[in-house]
Number of protein chains: 2
Amino acid sequence: MVMNVRTLCLGILSLREATGYEIKKMVEKGVFSHFIDASFGSIYPALAQMLREGLVRVRTEDDGSGRPPRKVYQITEQGRQALQNALNTDPAPDKFKSEFLFQMLFMERIDPAHLAVIYDAYLEEQEAELRMLEEEAQTMPAHPGARFVQDYGRAMLGTAIRFLKDKRAEMMRAFAEVGGTGERPEENAPCCGGAFSSSAEKSSVNGED
Amino acid sequence: MVMNVRTLCLGILSLREATGYEIKKMVEKGVFSHFIDASFGSIYPALAQMLREGLVRVRTEDDGSGRPPRKVYQITEQGRQALQNALNTDPAPDKFKSEFLFQMLFMERIDPAHLAVIYDAYLEEQEAELRMLEEEAQTMPAHPGARFVQDYGRAMLGTAIRFLKDKRAEMMRAFAEVGGTGERPEENAPCCGGAFSSSAEKSSVNGED
DNA sequence: ATAGCTTATATCGGGCCGATAGAGGTTCTT
DNA sequence: AAGAACCTCTATCGGCCCGATATAAGCTAT
């Protein structure tokens, strides 16, 4: 599939007319945000290019003041056709990049205190996105496609959150000796419900390096 | 976190020495493949740059023939320090790009026959990655970080697969004559339109396990 | 023996991100 | 009323990175 910022813009413009700025906002906060990214640096050139190619047309709203005029873009019939062609092709494999998991892979080398901070921040991030998804599910008219994506997101985020909560205790137990040295580290992490303080077992976490 | 191809290479080289080609293979098939990507076009320049900066050193194995000599890279103490610094910074948010979900968002406009093909191909893809993960979990020595990442991957892929299987039946039921729970690839209808939106059912995947 | 896959190097065009800039609006504080 | 801070809206630019491509040889199978 020809899935670039151009196709993304066509997809959004097929739902409603919009300015480049509005497209950015929809990509940031809307349904699209869960599986796509796009910055101004790619949206504006994409719109300009598609305008040249006749896939979109533009209506300029100049209010007379010195500020830049709103450029409201609309999809053309040719653009609809291009989008249709893209939709009827095989999708490329997903791409997933996670610095968090990279760090988790090397967790043994990270300062335990900082590890806890990273971990909880990530968990909170996932919970925030789930909240956003739920909220958005109530405001948006749920056409089948949107429903599917929302349900998918719910399922995945739910699993991630459950996993992170489950594993947290286990993880921190493993590092308890390195960080606390026999002390009860309840002063550190706000959200860990006492799972820290269970019997400190001996663990050979400290590997090479 | 300074998570670019350089940091990735440092991470791999901190585990063992490797050529650029080997790094690519590890990124393609190893634990890293689940949450990171890197191509030759970024790996080779990254190694060259880090060599200049003293973060890695290189041992050239020339076998006398005309073919390009193996360049085996090793991390230096300075490189270890750079990696350590990177690991002790906050991770950037995850990035997830899915052409499949983009297409699902517009499922109503996709030819149902093709939609089924796309859907099953994606499902198969997820199952293949889960198989890869399980296989890799048995061969690799499971240090805590790797275990965490593998378990995370298992949980997520398991949920995705279950969701896709569950929703598929629901989708096909909504399509009614398309093929029930089995598959009937020969399909003529241009677009399903409203036939889909009426039946809104709850999926068991959303809740708890 | 020719085709095709694998190991191994490396470059290049182009896509895209993140930062930046500029101009005016609103909103909240001091 | 002045100022700070943030929002809407435009757009560009450096630099990172992907995907395609080139080169060269070995190994395997038909």
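Any value given below was found using the heavy atoms of this structure, including those in side chains, with hydrogens, waters and symmetry copies removed. A, B, ... follow the sequence lines: proteins, then strands. Residue 1 opens every chain. Predicted model only: the values in this text are computed from it and were never measured.
- Heavy atoms only, all atoms of each residue included: B:Thr89 and B:Met1 are closest at CB-CA, 4.0 Å.
- Within a heavy-atom distance below 4.0 Å of DNA chain D, the residues of residues 91-105 of chain A found are A:Lys95, A:Lys97.
- For B:Arg70 and D:dG26, the CZ to P distance is 15 Å, given to the nearest whole Å.
- Between the OH atom of A:Tyr73 and the C1' atom of D:dC9 there is a distance of 11 Å, rounded to whole Å.
- Taking the side-chain contact (heavy atoms from CB on, under 4.5 Å) definition, one finds that A:Lys25 meets it with A:Tyr21, A:Glu28, A:Lys29, sequence neighbours left out.
- The CE atom of B:Met3 sits 15 Å away from the P atom of D:dC16 (whole-angstrom rounding).
- Put simply, CD on A:Glu28 is 11 Å from P on C:dG18, counting in whole angstrom units.
- With sequence neighbours excluded, the residues forming a side-chain contact (heavy atoms from CB on, under 4.5 Å) with B:Ala128 are B:Glu124, B:Arg131, listed by chain and number.
- Less than 4.0 Å separates DNA chain C from no heavy atom of any residue of residues 17-25 of chain A.
- Spacing between atom CG of A:Asn4 and atom P of D:dC18 amounts to 17 Å, rounded to whole angstrom units.
- Helix-axis bend for the helix from C:dA1-D:dT30 to C:dT30-D:dA1: the local axis fitted to the five terminal pairs at one end deviates from that at the other end by 30°, rounded to 10°.
- Proximity of residues 35-58 of chain B to DNA chain C (heavy atom under 4.0 angstrom from any strand atom) is restricted to B:Phe40, B:Gly41, B:Tyr44.
- Taking each heavy atom of B:Phe102 and B:Phe106 in turn, the nearest pair found is O-CD1, 3.3 Å.
- Taking atom NZ of A:Lys71 as the reference point, atom C1' of D:dT8 lies 15 Å away to the nearest angstrom.
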